[in-house]
Amino acid sequence: MKALVLEGVEKLEIEDIKAQDLKPNEVLINTAYAGICGTDHALYAGLPGSADAVPPIVLGHENSGVVAEVGSEVTDLKPGDRVSVDPNIYCGQCEYCLTDRPELCNNLSAVGVTRNGGLEQQFTAPASVVYQVPDNVSLKAAATVEPISCAVHGIKLLKLTPYQKALVIGDGFMGQLFAQILQAYGVHQVDLAGRNEAKLANNKENFGVTNTFNTETDKIPADYDVVIEAVGLPQTQEQAIEATKKGAQVLMFGVGKPTQKFSMNTYEVFQKQLTIQGSFINPYSFKDSLAMLSSGKLNVEDLISHVLTLEEVEDFLTGKITNVSKAVVKVGDQD
Ligand SMILES: NC(=O)c1ccc[n+]([C@@H]2O[C@H](COP(=O)([O-])OP(=O)(O)OC[C@H]3O[C@@H](n4cnc5c(N)ncnc54)[C@H](O)[C@@H]3O)[C@@H](O)[C@H]2O)c1
Ligand SMILES: [Zn+2]
Ligand SMILES: [Zn+2]
């Protein structure tokens with residue numbers, strides 16, 4: 001079958017490879033769509049994602065498809081089921097798995113990172129990470145459930161209540177998702193700060209955002225109960241702390257460079273009694289993400305700007321394809 005194989009640093013090749021053998025607890029999936037994101041940029045450049053990718057490997061950790069075959073121990077899935085796959089596989093044995101924090105697993109493995117992912121016509125995954133997709137959710141949208149679930153995990157780490165006023169910093173795919181998800185979780189006012197005037201205006205007009213700010217030219221008031229940083233730069237991390245009011249919670253969601261630091265007034269942390277929360281990947285959030293898509297509380301289709309072919313993925317990763325809001329790769333012919 002046709003696969004896009006990472007053969008080494010910045011080396012991708014279309015190859016004809018054999019499907020993986022199916023283990024008793026696994027599902028074989030005909031890939032429909034595979035989303036690509038910043039993690040794939042890192043893996044392509046030879047840097048780790050949630051774990052190290054060792055070539056040769058097929059990337060693609062944001063996958064949807066249709067079940068082709070199930071192993072002998074699989075109970076709740078059958079051929080023909082439309083599915084979305086959580087790439088992260090936890091060991092179930094380490095200190096973190098045994099204390100209800102599997103995302104911090106010491107032995108994390110992942111579809112599209114440590115084992116072959118969705119940038120090929122068929123891939124396998126343990127049934128425990130394969131979720132059925134409601135009939136009214138497209139397989140294109142279902143390929144974005146992984147990033148949606150990262151946002152949902154971050155949201156679940158906060159204490160949210162309707163009276164709060166929230167600010168999202170970052171007008172990329174994740175920031176725009178957060179703006180909608182916070183509303184779905186009942187927060188009564190969500191404001192968005194970014195650099196792209198068209199995206200800011202669109203979120204105000206069509207996605208329920210109340211006020212928008214340009215992070216480079218506007219002064220953001222210190223008026224928020226919840227601030228989500230979804231850029232990962234020192235200046236936006238500083239802005240996130242500065243936008244808090246007393247008792248606020250800050251979610252540091254954006255990923256900076258491993259050596260990056262930002263400066264923070266620690267007196268402010270004391271005096272405002274701030275909570276600063278990190279967020280890593282997306283355990284047990286797929287059901288919530290799929291429910292929000294199915295109920296119409298979350299519109300992701302309008303945030304997907306590019307549908308690529310396997311042949312175009314390298315042009316995306318090398319920056320030849322520009323103005324990408326969110327890209328998914330159409331791998332199979334199911335919709
Ligand atoms: N914690 C997690 O589990 C997790 C999961 C997914 C993504 N992320 C991180 O979230 C961040 C956002 O991801 P994304 O997919 O939206 O990325 P993206 O590349 O689509 O968007 C980044 C956005 O930041 C905006 N931006 C850049 N500089 C800015 C500034 N100074 N002020 C305001 N906005 C600015 C850009 O306009 C762009 O829209 C990244 O750092 C990514 O690595 C974290
Ligand atoms: Zn991703
Ligand atoms: Zn573990």
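What you are looking at is a predicted structure, and each value in this text was computed from that prediction instead of being measured. In what follows, residues are counted from 1 in the order of the sequence shown. Whatever order the structure lists them in is the order used to number ligands and atoms, beginning at 1.
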Original post:
Are F286 and V67 joined in one hydrophobic group, where the rule is that I, L, V, M, F, W and Y side chains link up if heavy atoms are under 4.5 Å apart?
Top reply: no
**OP:** Output, in order, the C-alpha distance, side-chain angles, deciding distance and verdict of salt bridge (Lys or Arg N to Asp or Glu O under 4.0 Å) for E301 and K326.
**Re:** CA-CA 10 Å; E301 302 261 0; K326 177 65 185 175; over 6 Å; no
Subject >> the Zn ion (ligand 2) to nearest N/O/S of C150 less than 2.8 Å >> reply: no
Original post:
Are the aromatic rings of F253 and F178 close, with centres under 6.0 Å apart?
Top reply: yes
**OP:** Please work out the angle at the Zn ion (ligand 2) defined by atom SG of C37 on one side and atom NE2 of H61 on the other, rounded to 10°.
**Re:** 110°
**OP:** Please identify which atoms of ligand 1 are closer than 4.0 Å to at least one heavy atom of S279.
**Re:** 1 (N), 2 (C), 3 (O)
Original post:
So which of R195, E103, E146 gets nearest to atom 28 (N) of ligand 1, if we judge by its closest heavy atom?
Top reply: R195
Subject >> Sub-4.0 Å heavy-atom approach of P147 to ligand 1 >> reply: no
Subject >> Among K272, K165, K245, the one residue meeting salt bridge (charged side-chain N to carboxylate O under 4.0 Å, His left out) with D225 >> reply: K245
**OP:** Using heavy-atom distances, let me know which of F253, F178, F280 sits nearest atom 4 (C) of ligand 1.
**Re:** F253
Original post:
Going by the atom numbers of ligand 1, which of them fall below 4.0 Å from some non-hydrogen atom of T236?
Top reply: 30 (C), 31 (N), 32 (N)
**OP:** Establish whether F316 and I304 are linked, either directly or via other cluster members, by ILVMFWY side-chain heavy-atom contacts under 4.5 Å.
**Re:** no
**OP:** Heavy-atom contacts with L233 under 4.0 Å: which atoms of ligand 1 show up? List them by number with element.
**Re:** 28 (N)
Original post:
Got more than 12 heavy atoms from elsewhere within 6.0 Å of CG, D135?
Top reply: no
**OP:** Specify the protein heavy atom at minimum distance from atom 21 (O) of ligand 1: its residue, its atom name, and the distance to 0.1 Å.
**Re:** G172 CA, 3.3 Å
Original post:
Considering only protein heavy atoms, which is closest to atom 39 (O) of ligand 1, and at what distance to one decimal place?
Top reply: D171 OD1, 2.8 Å
**OP:** List every atom of ligand 1 that sits less than 4.0 Å from any heavy atom of G194, numbering the atoms from 1 in the order shown and giving each element.
**Re:** 33 (C), 34 (N)
Original post:
What are the atoms of ligand 1, with element, lying closer than 4.0 Å to any heavy atom of F173?
Top reply: 16 (O), 20 (O)
Original post:
Do any N or O atoms from the side chain of D315 and from the backbone of T318 form a donor-acceptor pair under 3.5 angstrom?
Top reply: no
Original post:
What about Q235: any of its N or O atoms under 3.5 Å from an N or O on ligand 1?
Top reply: no
**OP:** Find all atoms of ligand 1 within a distance of less than 4.0 Å from any non-hydrogen atom belonging to T215, and give their numbers and elements.
**Re:** 30 (C), 31 (N), 32 (N), 33 (C)
Original post:
Among the clusters formed by ILVMFWY side chains lying less than 4.5 Å apart, do F123 and V74 turn up in the same one?
Top reply: yes
Original post:
Hey, quick one: are I228 and L298 part of the same hydrophobic cluster, counting side-chain heavy atoms closer than 4.5 Å, chains of contacts allowed?
Top reply: yes
Original post:
Under 4.0 Å from any heavy atom of I281, which atoms of ligand 1 are there?
Top reply: 3 (O)
Original post:
Looking only at N/O atoms, are G254 and ligand 1 under 3.5 Å apart anywhere?
Top reply: no
Original post:
Looking only at heavy atoms of G38, does any of them come nearer than 4.0 Å to an atom of ligand 1?
Top reply: no
**OP:** Salt-bridge test for K11 and E13: reply yes if a basic N is under 4.0 Å from a carboxylate O, no otherwise.
**Re:** yes
Original post:
Within less than 4.0 angstrom of ligand 1, does N196 place any heavy atom?
Top reply: no
Original post:
side-chain hydrogen bond (donor to acceptor under 3.5 Å, both in side chains) with N282: which of K156, H153, E146?
Top reply: E146
Original post:
Quick one: nearest non-hydrogen protein atom to atom 16 (O) of ligand 1, plus distance?
Top reply: M174 N, 2.9 Å
Original post:
What are the atoms of ligand 1, with element, lying closer than 4.0 Å to any heavy atom of A230?
Top reply: 11 (C), 12 (C)
**OP:** Calculate, to the nearest 0.5 Å, the distance between atoms CG and CD belonging to L104 and E95 respectively.
**Re:** 9.5 Å
**OP:** Check whether any N, O or S atom of E62, backbone or side chain, sits closer than 2.8 Å to the Zn ion (ligand 2).
**Re:** yes
Subject >> N/O separation below 3.5 Å, V255 to ligand 1 >> reply: yes
Original post:
What do you reckon, does C150 have a nitrogen or oxygen under 3.5 Å from a nitrogen or oxygen of ligand 1?
Top reply: no
**OP:** Taking atom 19 (O) of ligand 1 as the reference point, report whether a protein heavy atom occurs under 4.0 Å from it.
**Re:** no
Original post:
Looking only at protein heavy atoms, which one is nearest to atom 40 (C) of ligand 1, and how far off is it?
Top reply: V231 O, 3.9 Å
